[in-house]
Amino acid sequence: MENTINLTLKVWRQNGPKDKGRFETYKVENISTDSSFLEMMDILNEQLIKENKEPVAFDHDCREGICGMCSLYINGRPHGPDDDVTTCQLHMRKFKDGETVTIEPWRAAAFPVIKDLMVDRTAFDKIIAAGGYVSVSTGGVPDANAIPIPKVDADEAMDAASCIGCGACVAACKNSSAMLFVSAKVSQLALLPQGRVEAKARAKAMIAKMDELGFGGCTNTGACEVECPKGVSITNIARLNRQYLAARFSE
Amino acid sequence: MSNFLTASIGRKFIMSISGLFLMMFICVHLGVNLLLLFDDSGELFNLGANFMATNPLIKVMEPVLGLGFVVHIIWSFLISLQNYKARPVGYDKSNAAYSSTWASRNMLVLGALVLVFLVMHIIQFFIPVKTGGLEATMIDGVEMHNTYALVAGLFKSSVLYCILYIIGGALLGFHLGHGFWSAFQTIGMSNQYWLKRLQCIGKIFAIVVAVGFAIIPLYFLIKF
Ligand code: HEM
Ligand code: SF4
Ligand code: FES
């Protein structure tokens, strides 16, 4: 048995980076509760095209929760009302019939709006380019027993590496801070022998870039961790703080 | 080290170190103040206050404490301004309460209210003690200020001030409920095991501080 719902959508529309932007209200009907939020957006866009109106621009790619491209601040939360999912994985059964759904882009000085709900997240790429790598080739995959790594470290590195660079942490943070993202990228390398060598310099360079790009600082509210679709832990931020301070004090 | 003081983590480091220092002061201050409860003649508290006023270590620490407050307050505004600028356009609908506590989002508001309390507190107690307008008392042959009379006098005579001091204790409690574990997180002294522990210790510490300070005016309010 299939259930359907009708919704009122309050969507942010903005013609370009320089435009002031405004909310527009649309109605969508007979939306299957089995569909995903992005499928619902597709239905809205079909409807707008038929009415000869400009469709709503929004980001998406894999639609299976692994690429980090989809965004959207839905009803006051990044990726909407479900926990630990991206917007492409968000089901319409999370909404009630007749509900008004407010859809906004990520809000941060470092993520300027390109159009409607799309924001420019190249700032993340710039942070990675500043130091989020190992600068010498460490060869192919080593034999599992060649460099023994404690299970606890391997698990923590793996958890940090699950960050998909979506930017929900920045969107959730009241300071638009990128600390959870940076800490995940720093931790996934710093916990392993190949990455440990450059750990301090990496932390310093990536934080300098983060500050330069206009992200805010961390005040430990913890909102990022709650809203991260991959559950990246704020203990990574403690590790980043530790490494950054060690780097600065050993200058 | 050039831009350490303006880097995001550098600024937070200053907040954390000054905050940790202020928390140590709060512990000492609370310890001495609680002497008010255990001797209604005031001798015990006067001895404690006199020890604090004459101890050379405390004399040295007094200007450091003042500096600690000034640094903590100035940096709190710097940090808040920088973080405010990082989001020029806000959200129309935001469900921030789902993912973070009210206190963690409003440390500046709580801090500013603590500051208002602090100004009142300094005018009422610190300035009279320092400018010497207090009556003297003799304990064990030593002449000292009758600080007890000043404090007990205020609380016995004014219900309003009792209430304001209780509110002051509560405000500080909320500030520290987030501030305690946050200070350790900021300097990197936290991990997957210690995060939860520090949050728990922080809650207990905040309750002890809030109840500890509030119980003093309550005692005078109820007993006298
Ligand atoms: C006895 C008084 C005070 C104590 C013991 C205290 C303690 C602390 C502690 C431990 C922190 C956490 C530091 C960190 O997150 O790293 C903190 C943060 C903070 N304090 Fe205070 N504080 C006091 C008074 C004030 C005053 C008077 C103000 C401002 C007007 C203030 C404003 C702030 C702000 C805005 C933060 C948050 C900073 C951030 O999270 O980035 N505090 N405080
Ligand atoms: S830390 Fe989480 S919320 Fe932030 S970019 Fe990575 S996956 Fe997204
Ligand atoms: S579209 Fe790839 S994670 Fe949502």
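All values below come from the heavy atoms of this structure, side chains included, with hydrogens, waters and symmetry mates left out. Keep in mind that this is a model prediction, so the values were computed, not measured. Per chain, numbering begins at 1; letters A, B, ... match sequence-line order.
Within the model, atoms NZ of A:K174 and OG of B:S80 stand 6.5 Å from one another, a figure rounded to the nearest 0.5 Å. Rounded to the nearest 0.5 angstrom, B:K93 NZ and A:I74 CD1 are separated by 11.5 Å. Atoms CG and CZ, from B:D92 and A:R107 in turn, are 9.0 Å apart once rounded to the nearest 0.5 Å. Rounded to the nearest 0.5 Å, atoms OH (B:Y98) and CG (A:N75) are 13.5 Å apart.
Around the CZ atom of B:F51, the shell of radius 6.0 Å holds no more than 12 heavy atoms that belong to other residues, nucleotides or ligands. Around NZ of B:K203, the count of heavy atoms belonging to other residues, nucleotides or ligands within 6.0 Å does not exceed 12. Taking a 6.0 Å sphere around CD1 of B:I215, one finds it holds 12 or fewer heavy atoms contributed by other residues, nucleotides or ligands. Other residues, nucleotides and ligands place more than 12 heavy atoms under 6.0 Å from the CE atom of B:M120. Crowding of B:F13 atom CZ: a count of heavy atoms from other residues, nucleotides or ligands under 6.0 Å exceeding 12.
Within the 4.5 angstrom heavy-atom criterion, no atom of A:D159 approaches chain B. With a threshold of 4.5 angstrom between heavy atoms, A:T221 approaches chain B through its backbone and through its side chain. Contacts of A:V113 with chain B are absent, with no heavy-atom separation under 4.5 Å from either backbone or side chain. For A:Q243, no part sits under 4.5 Å from any heavy atom of chain B, backbone or side chain. Both the backbone and the side chain of A:I237 come within less than 4.5 Å of a heavy atom of chain B. For a residue to count as touching a neighbouring chain, one of its non-hydrogen atoms must lie under 4.5 Å from one of that chain's; by this rule B:Y91 touches chain A with backbone and side chain alike. Interface remark: A:F23 contributes side-chain atoms only to the contact with chain B (heavy atom separation under 4.5 Å). Of the atoms belonging to A:A208, not a single heavy atom falls under 4.5 Å from chain B. Interface remark: A:F215 contributes backbone atoms only to the contact with chain B (heavy atom separation under 4.5 Å).
Distance alone, capped at 3.5 Å, is enough to place a donor-acceptor pair between the B:R87 side chain and the A:C173 backbone. A distance-only check finds no donor-acceptor pair linking the side chain of B:N83 to the backbone of A:G216 [under 3.5 Å]. Proximity of a side-chain donor or acceptor of A:D211 to a complementary backbone N or O of B:S8 within less than 3.5 Å is detected.
Between A:Y244 and B:F4, the ring planes are parallel. Angles under 30° get that label, and only those over 60° would be called perpendicular.
Side-chain contact check for B:I9 versus A:K204: every heavy-atom pair is 4.5 Å or farther apart.
Highest contact tally toward chain A, considering only B:G90, B:A96, B:A103, is held by B:G90 [criterion: heavy-atom pairs under 4.5 Å]. Heavy-atom pairs under 4.5 Å with chain B peak, among A:N220, A:V226, A:N236, A:I234, at A:N220. Residue with the most contacts toward chain B among A:A171, A:P105, A:A238, A:G21: A:A238 (heavy-atom pairs, distance under 4.5 Å). By number of non-hydrogen pairs under 4.5 angstrom with chain B, the leading residue of A:M210, A:R239, A:E156 is A:E156. Ranked by heavy-atom pairs under 4.5 Å with chain A, the list B:G10, B:A86, B:A7 is led by B:A86.
Scanning all heavy atoms of the two residues, the minimum distance from B:K85 to A:A109 falls at O-CB, 4.0 Å.
Of residues 181-199 of chain B, those residues lying under 4.5 Å from chain A by any heavy-atom pair are B:W181, B:S182, B:Q185, B:T186, B:I187, B:G188, B:S190, B:N191, B:Q192, B:Y193, B:L195.
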Worked check of side chain to side chain contact (heavy atoms under 4.5 Å, CB included) between B:M15 and A:T219: CA-CA 10 Å; B:M15 280 312 282; A:T219 55; over 6 Å; no
